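Proteins come first, then strands; the chains are lettered A, B, ... in the order of their sequence lines, and each starts at number 1. Keep in mind the model is a prediction, meaning the values are calculated, not measured.
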Amino acid sequence: LATAAPFILPSLIGVLVFLVVPVVIVLVLSFYQWNFLSPPHFTGFANFATMTRNYHVFHALETTAFYVLWNIPVQTVIALGLAVLLNRAMPAMGFFRALYVLPYMATPVAMAVVWGWVFNSQYGLINQLLSGVGVHGPDWLGSTTTALPVVAMVNTWQYAGYNMLFFLAGMQTIPPGLYEAAAIDGASAFRRFTSITLPLLSPTLLFVLVTDVIGSFQVFDTVYVMTQGGPGTSTTVINYQIYSTAFRNFDVGSASAISLLLFGVILVVTFVQFRIFRNRTTYEVS
Amino acid sequence: MKALRYTAFYACLALIGAVFVTPYLLALFGAFKSQADLFASSPWSPPHSFYTGNFRTILFSDDFLRYLGNTALVTAVLTAGQVCFGVTAAYAFARLEFPGRDALFALYLATLMVPNVVTLVPLYTMMRQFHLTNTYWAIVLPFVLGSPYTIFLMRQYFRSLPSEVFAAARVDGCSEWRILTRILIPMGKPIIITATIIAFVFGWNNFLWPLIVTDSTSMQVLTVSTAALQSSFSDQWNLVLAASLVSLVPLLLFFITFQKHIVRSVQLSGVNR
């Protein structure tokens, strides 16, 4: 113990003080009414009770769910497609792989600014191109129907290549003999993908889906920069709702209660994904 | 026929690549145009003359030089701390025997499930309590002592190293510190680089926490000041794009320099799960 203590201690202090204690504090705060300044006032379950009746909270959860649905399926399919394209022994594959991963490093705040420019209704690239073919483009970020998909698309753009790397790594562990055998049996390329690649990638798929969904449920930066939750409340995702409840309305108790709700939702969604994947058929390859 | 398919394949790859590169190019083009020029020309046309006025305004009048310095400082401290304390913790979890080790490690893993936003209000409350808001301390303190995620990644890797080497070193009377510096760090280099990249990108891109915990411009980091500039000068796209380039370019250079390591390290972080 004496030898291990100095190795562990700094990170242990970090985990206890900055992760464990805050979770306890958030639990406690959710039973209080507080505005950061005046003394906290114990209100029992009142914050949770008002939360269940609060239209904004459920609207924000719904918006977050739509964001996840706009983002995750498209992003995962694109990532898989890119991996299939690049998973071959041809020249310059490494170059294209690096090129596609590039956006992963981009600062989300800065990239959100740039995408705001791309989708600018008057001068932006998209609408300038559209007007070139005689189409009057919509005010992408100013319309309640298009703002959320556009914000979701930015995330898809940023992480599709990053997820491709995981699929590529997964594909490279599949024994080539399987494909050769299937080809001899006359299986089409599509059939080989659905019957060999996809099932054998399912651990990678689970990893990618679980981490992406958790991340997507907590989207904040792009929303803050591109739409400030608007127009109206059409892009007010749950994280943005928590931020404005705590740091704009100074309703600390409610913000704590909502963040516990988000925690619960993420746990349930993650659990469901693990269950779905456990029930899928997987092959044992050795 | 074969040559045609070959060309079509690479044309397709290049087209996809263009989608990933275009926003960077548009930012670059826009940042080097004056406002009049920006609104008069197409977004995809390169600037006629490289107009540097936007950068002069941003860096000197708007103090982005200071924000750049703040971000660099905060990122450097955060990365150094996360890597040093992370390596030692991961080493202890992977290679040392001590009572309560597995329970402690389970605690670290459990914290991985806590969404960031849950700790936001309590952390802010704590920083206020200790009068640390609006300081460098407040920005780095919650993250500098190590991240459970990278500790987990490094521990998995360290466990996969051949144990004979460590046993032999102990028989030879090596202290744990010597084993750490002479054996573990050289052998664990790939995963330590991975942890460094993760910490660096996290520190550089961090937004929500610095946004909450700083309120004076002198303590602002790039992300916060870029967002602030964008909301106050939303029609001066030339300035806003120049500001976003100030945060994007250093990471771009970082990526180009360490491209091979980054690609490999992303894959390492997935395979280890």
Exercise. Which one of B:F9, B:F85, B:W204 has the most heavy-atom pairs closer than 4.5 Å to chain A?
Worked result: B:F9
Problem set entry | B:Q259 portion near chain A, given a 4.5 angstrom heavy-atom threshold | side chain
Problem set entry | Option in B:F254, B:F143, B:Y10 with maximal non-hydrogen atom pairs under 4.5 Å from chain A | B:Y10
Problem set entry | chain A contact via B:F39 - which portion, at a heavy-atom distance below 4.5 Å | both
Exercise. For the candidates B:T22, B:V118, B:N206, which exhibits the highest count of non-hydrogen atom pairs separated by less than 4.5 Å from chain A?
Worked result: B:V118
For this session: Select one option (side chain, backbone, both, neither) describing which atoms of B:P148 are under 4.5 Å from chain A's heavy atoms.
Result: side chain
Exercise. Distance-only, no hydrogens or angles: does the A:W157 side chain make a donor-acceptor pair with backbone N or O of B:V19 under 3.5 Å?
Worked result: yes
Seminar exercise, completed: Between B:L248 and A:A106, the two heavy atoms sitting closest are CD2-CB, 3.9 Å
Exercise. Under 4.5 Å between any side-chain heavy atoms of B:I212 and A:Y243, yes or no?
Worked result: yes
Exercise. Just wondering, are more than 12 heavy atoms of other shown residues or ligands nearer than 6.0 Å to CZ in B:R178?
Worked result: no
Problem set entry | Contact class of B:V117 relative to chain A, heavy atoms under 4.5 angstrom | both
Exercise. So which part of B:L252 gets closer than 4.5 Å to some heavy atom of chain A, the side chain, the backbone, both or neither?
Worked result: side chain
Exercise. For chain B, which of A:V101, A:N239, A:T173 has the most heavy-atom pairs under 4.5 Å?
Worked result: A:N239
For this session: Among the options A:V114, A:L102, A:L19, pick out the one with the most heavy-atom pairs lying under 4.5 Å from chain B.
Result: A:L102
Exercise. A:P22 and B:L123: which non-hydrogen atoms are nearest, and at how many Å?
Worked result: CG-CD2, 3.9 Å
For this session: Using non-hydrogen atoms and a 4.5 Å limit, figure out which bit of B:V144 sits close to chain A: side chain, backbone, both or neither.
Result: neither
Problem set entry | Interchain contact, B:L180 with chain A, by part (heavy-atom threshold 4.5 Å) | side chain
Exercise. Distance from B:Y124 atom OH to A:F247 atom CZ, nearest 0.5 Å?
Worked result: 6.5 Å
Exercise. Is chain A contacted by the side chain of B:S147, its backbone, both, or neither, given a heavy-atom distance below 4.5 Å?
Worked result: neither
Exercise. Got a second to check how far B:F20's CZ is from A:L82's CG, nearest 0.5 Å?
Worked result: 5.5 Å
Problem set entry | Between A:G124, A:G94, A:S256, A:G116, the one whose heavy-atom pairs under 4.5 Å with chain B are most numerous | A:G116
Exercise. Is the side chain of A:Y123 donor-acceptor paired with the backbone N or O of B:S41 at a distance under 3.5 Å, no angle test?
Worked result: no
Exercise. Given the options B:R128, B:Q82, B:R101, which has more heavy-atom pairs under 4.5 Å with chain A than any of the others?
Worked result: B:R128
Problem set entry | Partner chain A: residue of B:A92, B:P115, B:G30 with the largest heavy-atom pair count (under 4.5 Å) | B:P115
Exercise. Chain A heavy atoms under 4.5 Å from B:I256: which part of the residue, side chain, backbone, both or neither?
Worked result: neither
For this session: I would like to know whether B:T119 and A:F18 meet side chain to side chain contact (heavy atoms under 4.5 Å, CB included); could you show each step before the answer?
Result: CA-CA 8 Å; B:T119 59; A:F18 299 116; over 6 Å; no
Problem set entry | CG-CH2 distance between A:L129 and B:W44, expressed to the nearest 0.5 angstrom | 5.0 Å
Exercise. What residue in A:V28, A:L85, A:V252 has the most heavy-atom pairs under 4.5 Å with chain B?
Worked result: A:L85
For this session: Rounded to the nearest 0.5 Å, what's the gap from CH2 on A:W117 to CG on B:N238? Could you check?
Result: 8.5 Å
Problem set entry | Contact origin within B:N116 toward chain A - heavy atom pairs under 4.5 Å | both
Problem set entry | Under 4.5 Å from any heavy atom of chain B - which part of A:V17 | both
Exercise. Between the side chain of A:Y100 and the main-chain N/O of B:L13, is any donor-acceptor distance below 3.5 Å?
Worked result: yes
Problem set entry | Top contributor to chain B contacts, counting heavy-atom pairs under 4.5 Å, from A:F96, A:Y104, A:Y162 | A:F96
Problem set entry | B:L96 versus chain A, the contacting section by heavy-atom distance below 4.5 Å | side chain
For this session: Let me know if A:A246 has heavy atoms under 4.5 Å from chain B in its side chain, its backbone, both or neither.
Result: side chain
Exercise. Among B:L120, B:I262, B:L107, B:L141, which residue forms the greatest number of heavy-atom pairs with chain A at distances under 4.5 Å?
Worked result: B:L141
Exercise. Considering only heavy atoms, which portion of A:L125 lies under 4.5 Å from any heavy atom of chain B: side chain, backbone, both, or neither?
Worked result: both
Problem set entry | Contacts with chain B made by residues 86-93 of chain A (heavy-atom distance under 4.5 Å), listed by residue number | A:L86, A:R88, A:M90, A:P91, A:A92, A:M93
For this session: For chain B, find its close neighbours in residues 212-222 of chain A: heavy-atom separation under 4.5 Å, sorted by number, or none.
Result: A:Q218, A:F220, A:D221
For this session: Quick one: pull up CE in B:M126 and CD1 in A:I25 and give me the separation to the nearest 0.5 Å.
Result: 5.5 Å
Problem set entry | Straight-line distance of A:M111 CE to B:T226 OG1, nearest 0.5 Å | 12.0 Å
For this session: Heavy atoms only: give me the nearest A:A98-B:V263 pair and the separation to one decimal.
Result: CA-CG2, 4.5 Å
For this session: Specify which of A:V21, A:L99, A:L16 makes the most heavy-atom pairs with chain B at under 4.5 Å.
Result: A:L99
